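Presented below is the structure to which this report refers.
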Amino acid sequence: MIGLISDTHGLLREEVVYNLSNCNLIIYTGDIGKIEVIEGLDKVAKVEFIRGNCDKDKSIAKEEKIIDIYNIRIYLVHDISKVNIDLKEENIDIVVYGHSHKSNIYEDKGILYINPGSVGPRRFNLPISMAKLKILDNERYYDSLELIDKNIYRYKYYEVEFISIVI
């Protein structure tokens, strides 16, 4: 199980840590706020992270990153409008991004795009949310993005669950 979070802006909620407790990996797409957030997450699982536009210390992380998990290439970028690579040429399977504080999922040209939303301070009237990514067994294949439950989507070998954090 892979936890997907973004935009804590220095606030690491107990509810977020609890929801990440069954994850083997946490992907964090920026606007960290304080390095202590990463240190707290690192106690739960390994953390792959990038910095966002509000992270002024450029030494904490890169602005984008490609990671390989189970032969799946995942591109991390904070702001989806700042993609700096050719996703097809790089054989990217999934793009995880943040910045807008609004959860979103869609497929385009065979690539799954996931914005888990924000788990930091509430912005406007947007919900506080995160997501979990599960890699399914090979026999469970979906050609198009399908909503299979009120907050669970499947596409190809992936299942994405969006989780609302109620405070």
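Note that this is a predicted model, so its numbers are computed, not measured. Numbers here simply count residues along the sequence, with the first being 1. These values consider heavy atoms only, across backbone and side chains, with no hydrogens, waters or symmetry-generated copies.
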Should Val96 and Ile50 be regarded as members of a common hydrophobic cluster, given that ILVMFWY residues are connected when their side-chain heavy atoms come within less than 4.5 Å of each other, either directly or indirectly?
yes

Counting distance only, does the side-chain N/O of Arg73 pair as donor-acceptor with the main-chain N or O of Glu90 below 3.5 Å?
yes

Looking only at heavy atoms, the pair that brings Ser129 and Ser103 closest together is OG-CB, 3.7 Å

Rounded at 0.5 Å granularity, tell me how far CG in Asp68 sits from CD1 in Ile74.
8.5 Å

Going from CD1 on Ile32 to OG on Ser6, what distance comes out if it is rounded to the nearest 0.5 angstrom?
9.5 Å

With rounding to the nearest 0.5 Å, note down the distance linking CG in Asp79 to CG in Asp31.
9.5 Å

Side chain of Asp7, backbone of His101: donor and acceptor closer than 3.5 Å?
no

Are Ile167 and Met130 joined in one hydrophobic group, where the rule is that I, L, V, M, F, W and Y side chains link up if heavy atoms are under 4.5 Å apart?
yes

Lys88 atom NZ, over 12 foreign heavy atoms within 6.0 Å
yes

To the nearest 0.5 Å, what is the distance between CE on Met1 and CD on Glu161?
7.0 Å

Angle class for the Tyr113/Tyr97 ring planes (parallel below 30°, perpendicular above 60°, tilted otherwise)?
perpendicular

Could you tell me whether Tyr106 atom OH has more than 12 heavy atoms of other residues or ligands within 6.0 Å of it?
yes

Surrounding NZ of Lys65 (heavy atoms of other residues, nucleotides or ligands, distance under 6.0 Å), is the total greater than 12?
yes

Leu112 CG to Tyr153 OH distance, which is reported to the nearest 0.5 Å
11.0 Å

Closer than 3.5 angstrom, by distance alone: can the side chain of Lys156 be matched with the main-chain N or O of Ile111 as a donor-acceptor pair?
no

Flag side-chain contact, heavy atom, 4.5 Å: Ile69 against Ile135
no

Distance in Å, Ile128 CD1 paired with Ile163 CD1, rounded so as to fall on 0.5 Å steps
14.0 Å

Keeping the roles fixed (side chain from Asp55, backbone from Gly33), state whether a donor-acceptor pair exists under 3.5 Å.
yes

For Ile80 and Val95 the tightest heavy-atom approach is CD1-CG1, 3.8 Å

Shortest non-hydrogen contact between Arg122 and Leu126, atoms and distance
NH1-O, 3.0 Å

Please check if any side-chain donor atom of Lys132 sits under 3.5 Å from a side-chain acceptor atom of Asn22, or the reverse.
yes

Judged by atom type as modelled, is there a donor-acceptor pair below 3.5 Å linking the side chain of Arg13 to the main-chain atoms of Gly120?
yes

Looking only at non-hydrogen atoms, find the nearest pair between Cys23 and Ala45 and report the distance.
O-CB, 3.4 Å

Please determine if Glu48 and Lys46 form a salt bridge, counting it only when a charged side-chain N lies under 4.0 Å from a carboxylate O.
yes

Between the side chain of Asn115 and the main-chain N/O of Gly98, is any donor-acceptor distance below 3.5 Å?
yes

I'd like to know whether Tyr155 forms a ring pair (Phe, Tyr, Trp, His ring centres under 6.0 Å) with Tyr142, so could you lay out the CA-CA distance, the side-chain angles of the two residues, the decisive distance to 0.1 Å, and finally the verdict.
CA-CA 5 Å; Tyr155 176 65; Tyr142 295 81; 9.0 Å; no

Which atom of Asp57 lies closest to which atom of Arg51, heavy atoms considered
O-CD, 4.0 Å

Applying side-chain contact (heavy atoms from CB on, under 4.5 Å), run through Ile2 and Asn24 and close with a yes or a no.
CA-CA 6 Å; Ile2 302 168; Asn24 302 330; over 6 Å; no

For the side-chain hydrogen bond (donor to acceptor under 3.5 Å, both in side chains) test, which of Glu63, Lys82, His78 pairs with Asn53?
His78

Carefully, step by step, assess Ile105 and Leu145 under the rule side-chain contact (heavy atoms from CB on, under 4.5 Å).
CA-CA 9 Å; Ile105 187 167; Leu145 183 63; 4.0 Å; yes

Correct closest heavy-atom pair for Ile38 and Tyr28 would be CD1-CD1, 3.6 Å

Got a sec: does the CD of Glu146 have more than 12 other heavy atoms crowding it under 6.0 Å?
yes

